[in-house]
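Worksheet: one structure, shown below.
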2 protein chains.
Amino acid sequence: MPPVSSLNDHTGYWLRMVSNAVSQEFARKVANHDVTVAEWVFLRALYDRNVMPPSVLAETMGMTRGAISKLADRLLAKGLVERTANGEDRRAHSLSLTEEGRGKVPVLASLADQNDVEYFGVLTTEEHEALNRILKALAERQGLKAAPVD
Amino acid sequence: MPPVSSLNDHTGYWLRMVSNAVSQEFARKVANHDVTVAEWVFLRALYDRNVMPPSVLAETMGMTRGAISKLADRLLAKGLVERTANGEDRRAHSLSLTEEGRGKVPVLASLADQNDVEYFGVLTTEEHEALNRILKALAERQGLKAAPVD
DNA sequence: TTGAAATGGTTTCCTAGTCAACAACATTTG
DNA sequence: CAAATGTTGTTGACTAGGAAACCATTTCAA
């Protein structure tokens, strides 16, 4: 690709292009339920381990503690999450889903399923498997662990 | 993936995870040259067609005209871009690269090349080609045209 | 056992976008 | 040709996040 490569000469370009489209459409879908993508990830994380300190959420979501603090505020205001004091350490507290928050998760999960089908359903089974395999290998190779949010 | 799918059950999840890692690393590389990713895309677009109205840039970059207006301000302030009035239509103007801006493009392009090698070099040739092919097919199928920036 | 360092969270300031209102100019239409 | 409508670009209000300063508390070490 001499001498000055084009934008679209790079795999990263196409990756980002497709990824953005998929994510933006998903964002649109969850927005209909008054939730952002970051909020979805947050809620989904809490769904499994019903109680988590914000620091762990920050770790698993790959966001700063400051961002989690504000995100938690917003979810609190929406009544989807609640804070409870931690008896042992008076600096710390825990976050958990409210009933309403818990009820929303399956709905949002099905939107995620739908979105994936919508975008990747056009691939043949072989293609889809190859894509998954390659992406997971890349993620593994790079030691990625945090759930992507942005 | 019944009853409530996990985050990582979706191809979109892995796509975003890898895409974010690649882009963030590229952002770090260009930041060493005092440029953001959006600025790089902007400069690279101008490099080919040396003169463009902001409206066309907005179109090709998939950003609002407001965003382009501010982006142009920043590049102007950095001395990488210049505005010139359009004789025919007094509302409009054109953007073009300064000498300095033009000089930066090849440097930034080589960073993009480097970044791609760094992330996708671990793939076999077959894998890399399959990935490119699938991504381009998806982009095509979805009618995507704007250069991804965010 | 008390002063220093570490830790959990929050807050402030900054950045880079969107969206919607706007000003200036151009174009169309009656 | 005047008025309505459309178009170009800018601006202001707002959003979500990062970085770093900060506060309160806990832990560690002399």
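Below, read A as the first sequence line, B as the second, and so on, with proteins coming before strands; counting in each chain starts at 1. In this text the structure is predicted, and so the values were computed from the model without any measurement.
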Report yes if a side-chain nitrogen or oxygen of B:Arg83 is closer than 4.0 Å to either non-bridging phosphate oxygen (OP1 or OP2) of D:dT10; otherwise report no.
-> yes
For A:Ile134 and A:Leu138, run side chain to side chain contact (heavy atoms under 4.5 Å, CB included): C-alpha distance rounded to whole Å, both residues' side-chain angles, the deciding distance at 0.1 Å, then the answer.
-> CA-CA 6 Å; A:Ile134 293 170; A:Leu138 288 169; 4.0 Å; yes
To the nearest angstrom, the CD-P distance between A:Glu59 and D:dG18 comes to 13 Å
Do A:Asp113 and A:Val117 have side chains that get closer than 4.5 Å, going by heavy atoms?
-> no
I would like to know whether B:Glu118 and B:Lys29 meet salt bridge (charged side-chain N to carboxylate O under 4.0 Å, His left out); could you show each step before the answer?
-> CA-CA 12 Å; B:Glu118 217 171 287; B:Lys29 284 188 172 73; 3.0 Å; yes
Comparing B:Ala92 and A:Met63 on DNA chain D - which has the more 5′ nearest nucleotide | B:Ala92
In terms of the angle between their ring planes, are A:Phe26 and A:Trp40 parallel, tilted or perpendicular, with boundaries placed at 30° and 60°?
-> perpendicular
Nearest 0.5 Å please: distance from the OG atom of A:Ser23 over to the OH atom of B:Tyr13.
-> 12.5 Å
Do any side-chain atoms of residues 65-78 of chain A form donor-acceptor pairs under 3.5 angstrom with protein atoms, and if so which ones, sequence neighbours left out?
| residue | atom | partner | partner atom | Å |
| --- | --- | --- | --- | --- |
| A:Asp73 | OD1 | A:Arg83 | NH2 | 2.4 |
| A:Lys78 | NZ | A:Asp34 | O | 2.8 |
| A:Lys78 | NZ | A:Glu39 | OE1 | 2.7 |
| A:Lys78 | NZ | A:Glu39 | OE2 | 3.3 |

Selection: residues 66-74 of chain A, any non-hydrogen atom under 4.0 Å of DNA chain D = A:Ala67, A:Lys70, A:Arg74
Would you kindly give the CZ-to-P distance between B:Arg28 and D:dA19, to the nearest whole Å?
-> 13 Å
Separation of C:dT18 P from A:Asn20 CG (nearest whole Å) = 11 Å
Does A:Ser55 place a side-chain N or O at less than 4.0 Å from the phosphate oxygens OP1/OP2 of C:dG8?
-> no
Rounded interatomic separation in angstrom, taking CG from A:Asn86 and C1' from C:dT7 = 13 Å
Once each nucleotide of nucleotides 24-29 of chain C is scored for protein heavy atoms under 4.0 Å, what B/S/- sequence comes out, 5' to 3'?
-> BBS---
Smallest heavy-atom separation, B:Ser19 atom then A:Arg16 atom, equals OG-NH1, 2.6 Å
From CD of B:Gln24 across to C1' of C:dT15 the rounded distance in Å is 15 Å
With side chains defined as the heavy atoms from C-beta onward, is the minimum distance between A:Thr84 and A:Val51 less than 4.5 Å?
-> no
d(CG, A:Leu57; P, C:dG8) in whole Å = 14 Å
Does the distance from a Lys or Arg side-chain N to an Asp or Glu carboxylate O, for A:Arg28 and A:Glu25, drop under 4.0 Å?
-> yes
Whole-Å distance separating the CZ atom of A:Arg65 from the P atom of C:dA6 = 14 Å
Quickly work out the A:His93 NE2 to D:dT26 P distance and round it to whole Å.
-> 15 Å
